[in-house]
Amino acid sequence: MHIHTELSKLLRPSLGIMLAPPVVGCINYLFITSGKPDLFAQALLGYGLLQYLLLLRLLPWIMQQPFTASYWAFSFGVTAIAFDAIAFVQRGLTGYIEGLAVLLFVAANGMIAILVLGTLGLLQRGKLVPPPLLAKSV
């Protein structure tokens, strides 16, 4: 028995925004605090990493939808999580976070490059903005 229908392929890329709340919250928390990131900041980053891994797991399913501008939903979260990890290192945390910061930085730059190239491709083909739906006359 199914209690819901599968999310439309057109909407799947918008799931990328799920990453933003914890990691953007972490950025804001870091701006209002000082010193080494405390347990709350680490929890926000940890939850962001969980969301990141969840989205990585869902990526093949999400990518069944060809590239559209809605893939930009990933940009906010991937850049914010990289910023968080770098800020943790700058604030004195050591260990695994140092390698993770580099990995997240490289991944964020790769993702933004893919988004830019995909968007340029859409522009070149004249498909960045979909045609308007024709309203039915009454």
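In this chain, numbering begins with 1 at the start of the sequence shown.
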Contacts satisfying side chain to side chain donor-acceptor pair (under 3.5 Å) that involve residues 45-61 (not counting sequence neighbours) are Glu6-Trp61, Tyr47-Gln51
For Leu7, which of Leu11, Thr5, Leu10 qualifies under side chain to side chain contact (heavy atoms under 4.5 Å, CB included)? Leu11
On a heavy-atom basis, the closest approach of Leu55 and Leu15 is CD2-O, 3.6 Å
Closest approach of Ala20 and Phe76, non-hydrogen atoms and distance? CB-CD2, 3.8 Å
If hydrophobic clusters are built from ILVMFWY residues whose side chains come within less than 4.5 Å, do Leu100 and Leu50 share one? no
Linking I/L/V/M/F/W/Y whenever their side-chain heavy atoms sit closer than 4.5 Å, directly or via other members, would Leu45 and Phe31 fall into one cluster? no
More than 12 non-hydrogen atoms from neighbouring residues, nucleotides or ligands closer than 6.0 Å to OH on Tyr29, yes or no? yes
Considering all heavy atoms of both residues, which atom of Ala41 and which atom of Asp38 are nearest to each other, and what is their separation? N-OD1, 3.0 Å
Would one find more than 12 heavy atoms of other residues, nucleotides or ligands at under 6.0 Å from atom CG of Leu39? no
When you group the ILVMFWY residues by side-chain heavy-atom contacts below 4.5 Å and let the links chain together, are Leu49 and Leu44 in the same group? no
Residues Ala69 and Leu128: closest non-hydrogen pair is CB-CD1, 4.1 Å
Got a sec, which pairs hit side chain to side chain donor-acceptor pair (under 3.5 Å) with one end in residues 101-129, sequence neighbours left out? Trp72-Thr119
If two hydrophobic side chains count as joined below 4.5 Å and joins carry through other members, does Leu19 share a cluster with Leu54? yes
About how many Å separate OG of Ser14 and CD1 of Ile62, when rounded to the nearest 0.5 Å? 8.5 Å
Check residues 82-96 and write down every donor-acceptor pair under 3.5 Å in which the side-chain atom is one partner and the other belongs to a residue at least two apart or another chain.
unit_1, atom_1, unit_2, atom_2, d
Asp84, OD1, Ile27, N, 3.4
Arg91, NH1, Thr33, OG1, 3.4
Arg91, NH1, Gly35, O, 3.3
Arg91, NH2, Leu30, O, 2.3
Arg91, NH2, Thr33, O, 2.6

same_hphob_cluster(Val102, Leu104) at 4.5 Å side-chain heavy-atom cutoff: no
Going through the distances and angles, do Tyr71 and Leu115 end up as a side-chain contact (heavy atoms from CB on, under 4.5 Å)? CA-CA 7 Å; Tyr71 275 90; Leu115 292 172; 3.8 Å; yes
Could you pull out the closest heavy-atom pair between Pro37 and Gln42, with the gap in Å? O-NE2, 3.0 Å
